[in-house]
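Encoded as C-alpha cells, the structure appears first; notes follow it.
On a predicted model such as this, the values are computed, not experimentally measured, just so you know. This chain uses plain numbering: 1 for the first residue, then up along the sequence. All heavy atoms count here, side chains included; hydrogens, waters and symmetry mates do not.
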Amino acid sequence: MVHVINASATCKSPQVIREALEAEARAEIVDKVLKPLLAMEGPFEEVGPGSCLDVEGKEYDTFGHEGTVTLKSCKDACMLFTAQQCHGLTFAAGRCELRMEDGFDQASQDWSLSWAEGTGHGTIQANSPSGATSTRCWRRTDGAEPTEQPSNHTTEQPSGSVLSGIMDWLPDMGILSGLGSLFR
C-alpha cells in the first residue's frame, strides 16, 4: 500500500500521522480479511449489542444449555433448527442464547427452552443496546432446514473458529492492538 501525505499532513506531528495510518490499516484489515471470514461462519449477520428484537420491538423466547461455547458452536446450534424456529442468537463470553419463535419449545440435543416470556415473531429486525454491551445479537439470514450435528458436540471442549484463531494473534501485532476484541 502506498501512502501519499499531502502538504497539510506535513504540518502534523509524527504521532498524528502514525495514528492515521494505523486507523487506515485497521479498517483495511476489517474490510478485506475479517468481514469475509465472518461470512464463512454461516448464514448470520451481526445486528449489534444487546438483545435481539422483532419488528415490533419484542424479545424472543430463549433456548440455552449448560456450559460454555464458541460463537461458531452457538451458530451451529441455531442451525439444528429451521430458520422459522431459531431466528438468531445472542452471544457473550462463551454464553449462547438461541432466539426462538414464540411458543416453540421442542428441544434438540441438549438445547432446550430456558426462557418462555418472549413474544417475538419472525426475523430479527433490531437490537436492544440496553444492558451488557458485550452481548451481541446475531440474525439468521437463511431459510435452511436444520443440520445434523453429532450428539456430543456440546460436551467436548469447543474448538475455535477460523475467525477466533485470527483474533487470538491480532492483538500481538503492534499496529492492530485492540482490534481483536472487536469481534469476540
What is the minimum heavy-atom distance between Cys137 and Ala126, and which atoms define it? SG-O, 4.3 Å
State whether the side chain of Gln85 and the backbone N or O of Thr82 hold a donor-acceptor pair below 3.5 Å, judged by distance alone. yes
Can you tell me how far NZ of Lys58 sits from CD of Gln125, rounded to the nearest 0.5 angstrom? 13.5 Å
Does any non-hydrogen side-chain atom of Asp110 lie less than 4.5 Å from one of Glu66? no
Please go through Val47's hydrophobic cluster and name the other residues, only I, L, V, M, F, W, Y counting, with side-chain heavy atoms under 4.5 Å joining them. Tyr60, Ile124
Distance, nearest 0.5 Å, that separates CG of Leu89 from CD of Glu46: 10.0 Å
Do Thr62 and Arg99 meet the criterion of a side-chain donor-acceptor pair at a distance under 3.5 Å? yes
Side chain to side chain contact (heavy atoms under 4.5 Å, CB included) evaluation trace for Phe44 with Asp142: CA-CA 8 Å; Phe44 294 89; Asp142 73 336; over 6 Å; no
Rounded to the nearest 0.5 Å, how far does CG of Asp102 lie from CG of Asp61? 5.0 Å
Point-to-point distance, once rounded to the nearest 0.5 Å, from CG of Leu80 to CH2 of Trp111: 8.5 Å
Sidechain-backbone polar pair: Thr70 side chain, Ser73 backbone, donor-acceptor under 3.5 Å: yes
So which heavy atom on Gly120 is nearest to which on Asp54, and how close? CA-OD2, 3.3 Å
We want to know whether Glu59 and Ser51 form a side-chain donor-acceptor pair, criterion being a heavy-atom distance below 3.5 angstrom. yes
Where the side chain of Asn127 meets the backbone of Pro49, is there a donor-acceptor pair that is under 3.5 Å apart? yes
Would you check if His121 and Glu101 make a side-chain contact, meaning some heavy-atom pair closer than 4.5 Å? yes
Got a donor-acceptor contact below 3.5 angstrom from the Thr141 side chain to the Pro43 backbone? yes
If you measure from CG on Leu98 to CZ on Phe81, what distance do you get to the nearest 0.5 Å? 6.0 Å
Val69 and Cys74: which non-hydrogen atoms are nearest, and at how many Å? CG2-CB, 4.2 Å
Arg140 backbone acceptor or donor facing Glu45 side chain under 3.5 Å: no
Is the shortest heavy-atom distance from the side chain of Thr123 to the side chain of Arg139 under 4.5 Å? yes
Got a second to check how far Cys86's SG is from Lys75's NZ, nearest 0.5 Å? 12.5 Å
Tell me whether Phe63 shares a hydrophobic cluster with Leu53, the cluster being built from Ile, Leu, Val, Met, Phe, Trp, Tyr side chains joined at under 4.5 Å. no
